[in-house]
Amino acid sequence: MSVPEKPSLDGLEQKWGPQWEADRTYAFDRTKTRGEIFAIDTPPPTVSGSLHMGSVFGYAQTDTIARQRRMLGLELFYPMGWDDNGLATERRVQNYFGVRCDPSLPVDPDFAPPEKPGDREIPIARQSFVDLCEQLVVEDEKKFEELWRMLGLSVDWSMTYTTIGERSRRASQRAFLRMLARGEAYSSEAPTLWDVDDRTAVAQAELEDREMAAAYHALTFHGVDGGGDVLIETTRPELLPACVALVAHPDDERYRARFDETVRTPLFGVPVPILAHPLADPEKGSGIAMICTFGDTTDVVWWRELRLPLRNVMGRDGRLVAEPPDWGEEVGKDAVAQYAELAGKTAKQAQKRIVELLAESGELVGDPKPIQHPVKFYERGSRPLEIVSSRQWYFRNGGREADLRATFLARGEELHWHPAHMRQRYDSWVEGLNTDWLVSRQRFFGVPIPVWYPIDDGGEPVWDAPMLPTEAVLPIDPASDAPDGYTPDQRGVPGGFVGDPDVMDTWATSSLTPQIVTGWGDDDDLFTRTFPMDLRPQGPEIIRTWLFDTIVRAHFEHDSLPWRDTAINGWVLDPDRKKMSKSKGNVVTPMPLLEKHGSDAIRYWAASGRPGTDTAVDEGQMKVGRRLAIKLLNVSKFVLGVMGEGPAGPIVDPIDRSMLTSLAVTVEECTAAFERYDYARALERAERFFWGFCDDYVELVKHRAYGDAAGSEDDGAASARGALSAALSVLQRLFAPFLVYVTEEVWSWWQEGSIHREGWPTVAELAPDGAPLVFAVAAEVLGTVRKAKSDAKVSMRAEVDRIVVTDTEMRLAALRLAIDDVRRAGVSASVATELGVALAVTTTLVEPGS
RNA sequence: GGGCGGUUAGCUCAGUUGGUUAGAGCGCUUGCUCGACACGCAAGAGGUCGGAGGUUCGAGUCCUCUACCGCCCACCA
């Protein structure tokens, strides 16, 4: 046994981190079988610069559960990954180096990124861009691992994966091919939500609404064959050249007589029909809307259901296309001339110009009326999404099939949610799905879609006849590999082939993390030992993406859930309880806080946040955690100190057994709480007992434990030492999942091996038959004596002549069993008891000088 | 428009199936250097548990209505 003279928290991270690594304390033993393993599908954090407090919060909570399960004797399968593929990384590379990917450029072998990003982004070849992405993520991932190690996450770092890594690409492409073979993946030319800055399609799951200022513009459509003018209101007058119809509600009396009539658009004079559709809202604007291809998703529904023609004007760069759409033969040159005023302009510029033109022609009625309305954005985007028609790959997810939606709702019910109410978010998301999952992205740093297309004799790709690789050759890159039966020089020539230019969305790969980490398809032995996994911990904001998508993939591939339980952590708020966001500049970075308060203190803060409950970054709470850790150092030093005074045990004294019984109750509560994934309650229970143990029990028995009682040694002293050491062992282990460094330190003072590989405390190892009242009453009496001394403003060491305790017979009987400990803890000459109805204590202090 | 969560001491939060004078930490006040602990210890002040009604012997805890805050979802011309 070796206890430092002056215990300290400083340097514990640097001392134990390398030790755990050297001892392989958290290494996974793959000889264990499925029932002996607890498998956690750890979220791979997005690699985009730095981790934030929200990640620290969630991962620290998960780690407490991992550690408690490990102490229960389960073998932890707990790998960490980095989600480095995708647009987040591309964005970061663009900003970090000041470059932009232009896939039309050839590779410049001498290319080197600028020292500092310039004012204008430098266009570079695809491969050069991908190289920079790979270079930067390696840097970032090093920093991420450093932080996680400092935080004390008990992952097996030898199993780390990345979503751009070879294993992930192989799994992702294999799953894609299998879904294609089963008809769960398909490609289709269709209207698609499009980000004009990133120049890629985006999925429903990546949308967010933002309140934007706009204005209703009232426009006159002209009746033909004697029909009167029709007034419509629109927020997007610039899409007038894309107008294909007007639409009103079938029951709307104002327009009922005019359905199927033709009117002509203002400025362009294009004939369009007036149609009826129940989605038209009589309350909105003038009750009749213009349908354009496409202003919003409602236009898409109308266009599809009313079988309208396509008149696209919006280009993929967010500017109106050069040529006007096909308006039919009877529309004259004037219309083409009017359109030339708009061609090449952004939506905003075009709107300004067309409003001027409409005002001049007198077809704009009154002034535009400003409104605020929600507009769809890509969640990372800065300009509103447009809708363009394009060929894309989709995975079926129930967006177009009610049966499949019902299947996924049932999967949601099958999953155990912690807290349970988080399932509501899943349900409302699945119920609200309206398209299949769009997985292709017109981007560069991602898993390529493993498909080629033949090129016909006319030089056009045959999109409907994709050529596929065999699973054995995966992963492939269709941009550099050639399909079977072709040679590389046939790329891009008639009769040759072309690779699919797109990559998969990052979620199309990260939705396979359970398959990737468990070795699906690569390591069948590991797979059967670990899949389906036990727990998916994650944040609430990615239920609709990561959690749902992962369920979709496992359902199709394995006809099962990917995991049994999910624990959804809360959101982290800034110290003023505002949502943290980079744009607000209130993001708190973790490393300075870890260095200031210590890892255990940060973990304590995180574990104090209830499951699923939003929690503010609170340095006060971190200080409390630090204080707890210090207390654990000191009380451990005390207990181990008195153990050096003489033999420990057997535990025969009633108050010793009473304390241990009370601790046994705490152990039960902590164990039950952890079973429900409620680490916060477990911490709170352990902590509550611990402070009572330090403040009351230790004070009550310390004199006896020192062996001062009847000279040298007696049974009482041995009993106290036995109880103190039994309690210390249990308490150190109860705190081990939370305060990982300090518990390892104090454990090392008197035990062999890591505390993190010790058994979780059990009721059986404590005295389950003590009378809880003995310790409780003794502590209460001691408290009143302390109050008397405090009121008298004297030291707690001040001598007392006489303590008289009045209470009920039952409580007095309990007290008598500990009366000598109470007398000495109170520094009193005597303790007398008197029968009464409730606790009352008179404390007679020895007069100073008497 | 639909749904979920929250509203308890100045602040941040506990309060498990309804049960004696509602808890903790921080902050505040007053003391205390005693053989674990001044990165400490002890004691104290401070709340009619958002509002209204109801069930019950008894409600912070259950029911109804309501206000406010946060979030999720929604076809948003």
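What you are looking at is a predicted structure, and each value in this text was computed from that prediction instead of being measured. Just so we're on the same page: letters track the sequence lines, and every chain starts at 1. Below, all heavy atoms of this structure are taken into account, side chains as well, without hydrogens, waters or symmetry copies.
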Trainee: For A:Trp302, which contact category applies under a 4.0 Å heavy-atom criterion: base, sugar-phosphate, or nothing?
Mentor: base

Trainee: Round to a whole Å and report the spacing from CZ of A:Arg423 to P of B:G5.
Mentor: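 Taking CZ of A:Arg423 and P of B:G5, I get 13 Å after rounding.
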
Trainee: For B:C62, which nucleotide is its Watson-Crick or G-U wobble mate, given both distances must be under 3.5 Å?
Mentor: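 When the pairing criteria are applied, B:G54 turns out to be the nucleotide that pairs with B:C62.
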
Trainee: Tell which nucleotide pairs with B:G44, taking only Watson-Crick or G-U wobble pairs whose two distances are both under 3.5 angstrom.
Mentor: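 Because both required distances fall under 3.5 Å, B:G44 counts as paired with B:C28.
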
Trainee: Please say whether the positively charged group of A:Arg603, taken as NZ for Lys or CZ for Arg, lies over the ring of A:Phe738, i.e. under 6.0 angstrom from the six-membered ring centre and within 45 degrees of the axis.
Mentor: no

Trainee: Using a distance-only test with no angle check, is there a side-chain donor-acceptor pair under 3.5 angstrom linking A:Glu211 and A:His373?
Mentor: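 On atom types as modelled, these side chains do not qualify, holding no pair under 3.5 Å.
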
Trainee: Figure out the CG/C1' separation between A:Leu845 and B:G31, and round it to whole Å.
Mentor: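 Atom CG in A:Leu845 sits about 14 Å away from atom C1' in B:G31.
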
Trainee: Paired with B:U21 by Watson-Crick or G-U wobble geometry, both distances under 3.5 Å: which nucleotide is it?
Mentor: none

Trainee: Salt-bridged, A:Arg685 to A:Glu687, with N to O below 4.0 Å?
Mentor: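 No.
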
Trainee: Of all the choices, B:A77, B:G44, B:G3, which nucleotide is nearest to the side chain of A:Lys787 once you look at every atom?
Mentor: B:G44

Trainee: In the structure shown, which nucleotide is the Watson-Crick or G-U wobble counterpart of B:U16, with both distances under 3.5 Å?
Mentor: none

Trainee: What distance, rounded to whole Å, do you find between the two C1' atoms, one in B:G18 and one in B:U56?
Mentor: 9 Å

Trainee: Tell me what A:Gln204 touches on the nucleic acid: a base, only sugar-phosphate, or nothing, going by heavy atoms under 4.0 Å.
Mentor: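 The answer is sugar-phosphate, as A:Gln204 gets under 4.0 Å only of primed atoms, P, OP1 or OP2.
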
Trainee: With P as the reference atom in both, quote the distance from B:C75 to B:G5 in angstrom, rounded to an integer.
Mentor: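 These two P atoms come out 23 Å apart once rounded.
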
Trainee: Ignoring the backbone of A:Leu279, work out which of B:C75, B:C41, B:A77 is nearest its side chain.
Mentor: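 Side chain of A:Leu279 sits closest to B:C75.
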
Trainee: Test A:Arg786 against A:Asp696 for salt bridge (Lys or Arg N to Asp or Glu O under 4.0 Å), laying out the working first.
Mentor: CA-CA 11 Å; A:Arg786 282 198 289 242; A:Asp696 298 328; 2.7 Å; yes

Trainee: Are any of A:Lys631's side-chain N or O atoms less than 4.0 Å away from OP1 or OP2 of B:C41?
Mentor: yes

Trainee: When the ring centroid of A:Trp571 is compared with that of A:Phe57, is the distance short of 6.0 Å?
Mentor: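 Judged by ring-centre distance (under 6.0 Å), A:Trp571 and A:Phe57 do not meet the cut-off.
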
Trainee: For B:U66 and B:A24, measure between their P atoms and round to the nearest Å.
Mentor: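 After rounding to an integer number of Å, I get 37 Å for this pair.
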
Trainee: What distance, rounded to whole Å, do you find between the two C1' atoms, one in B:C26 and one in B:A45?
Mentor: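 Between the two C1' atoms, the distance is 15 Å.
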
Trainee: Would you indicate what A:Asp209 reaches in the nucleic acid, counting non-hydrogen atoms under 4.0 angstrom: base, sugar-phosphate, or nothing?
Mentor: base

Trainee: Check this one for me: any side-chain N or O of A:Asn434 less than 4.0 Å away from OP1 or OP2 of B:C75?
Mentor: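 Yes, because at least one side-chain N or O of A:Asn434 sits under 4.0 Å from OP1 or OP2 of B:C75.
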
Trainee: OP1 or OP2 of B:G40 sitting under 4.0 Å from any side-chain N/O of A:Lys623?
Mentor: no

Trainee: Side chain of A:Ile630, heavy atoms from C-beta onward: which of B:A43, B:C39, B:A77 has the nearest atom to it?
Mentor: B:C39

Trainee: Please name the pair of heavy atoms, one in A:Pro250 and one in A:Phe259, separated by the smallest distance, quoted to 0.1 Å.
Mentor: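 Taking A:Pro250 first and A:Phe259 second, the nearest heavy atoms are O-CE1, 3.7 Å.
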
Trainee: Name the closest nucleotide to the A:Arg610 side chain, picking from B:C4, B:A14, B:A77.
Mentor: B:A14

Trainee: Out of B:C73, B:U12, B:C71, which nucleotide sits closest to the side chain of A:Asp618?
Mentor: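 Of the options given, the side chain of A:Asp618 lies nearest B:U12.
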
Trainee: Select base, sugar-phosphate, or nothing to describe what A:Cys292 touches, counting heavy atoms under 4.0 Å on all strands.
Mentor: nothing

Trainee: Can you classify the ring geometry of A:Trp747 versus A:Trp750 as parallel (below 30°), tilted (30 to 60°) or perpendicular (above 60°)?
Mentor: perpendicular

Trainee: Give a yes or no on whether the ring-centroid distance for A:Tyr426 and A:Phe408 is below 6.0 angstrom.
Mentor: no

Trainee: Once you apply a heavy-atom cut-off of 4.0 Å, does A:Asp281 come out as touching a base, just sugar-phosphate, or nothing?
Mentor: base

Trainee: Regarding A:Ser428, tell me which of base, sugar-phosphate or nothing describes its non-hydrogen contacts under 4.0 Å with the strands shown.
Mentor: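 Sugar-phosphate contact only.
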
Trainee: Using the P atom as the point on both nucleotides, what is the distance between B:A43 and B:G23, in whole Å?
Mentor: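 15 Å, rounded to whole Å.
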
Trainee: Using atom P of each nucleotide, how far apart are B:G46 and B:C41 to the nearest Å?
Mentor: 24 Å

Trainee: Out of B:A77, B:A38, B:A14, which has the shortest distance to the side chain of A:His373?
Mentor: B:A77

Trainee: Give every pair of a protein N or O atom and an N or O atom of nucleotides 16-22 of chain B that lie under 3.5 Å apart, one pair per line with the distance.
Mentor:
residue	atom	partner	partner atom	Å
B:U16	O2	A:Arg681	NH1	3.3
B:U16	N3	A:Arg681	NH1	3.1
B:U16	O4	A:Arg685	NH1	3.3
B:U16	O4	A:Arg685	NH2	3.0

Trainee: Taking the side chain of A:Asp296 as heavy atoms from C-beta outward, which of B:A77, B:C39, B:C73 is closest to it?
Mentor: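 Per side-chain heavy atoms of A:Asp296, the pick is B:A77.
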
Trainee: To the side chain of A:Lys793, which of B:A42, B:G31, B:C73 is closest?
Mentor: B:G31

Trainee: Taking the six-membered ring of A:Phe690 (Phe, Tyr or Trp), confirm whether the NZ or CZ of A:Lys631 is under 6.0 Å from its centre and within 45° of its axis.
Mentor: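 No - A:Lys631 does not lie over the ring of A:Phe690 by the 6.0 Å and 45° rule.
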
Trainee: Considering residues at least two apart in sequence or located in another chain, which fulfil the salt bridge (charged side-chain N to carboxylate O under 4.0 Å, His left out) criterion with A:Arg383?
Mentor: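 Partners of A:Arg383 under the salt bridge (charged side-chain N to carboxylate O under 4.0 Å, His left out) test: A:Asp197.
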
Trainee: Name the closest nucleotide to the A:Val624 side chain, picking from B:C73, B:A14, B:C26.
Mentor: B:C26

Trainee: Across all strands shown, which nucleotide pairs with B:G5 by Watson-Crick or G-U wobble geometry, both distances under 3.5 Å?
Mentor: B:C69

Trainee: Taking the side chain of A:Ser795 as heavy atoms from C-beta outward, which of B:A42, B:U33, B:C4 is closest to it?
Mentor: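 Shortest atom-to-atom distance from the side chain points to B:U33.
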
Trainee: Would you indicate, yes or no, if B:C39 has its OP1 or OP2 atom less than 4.0 angstrom from a side-chain nitrogen or oxygen of A:Arg626?
Mentor: no

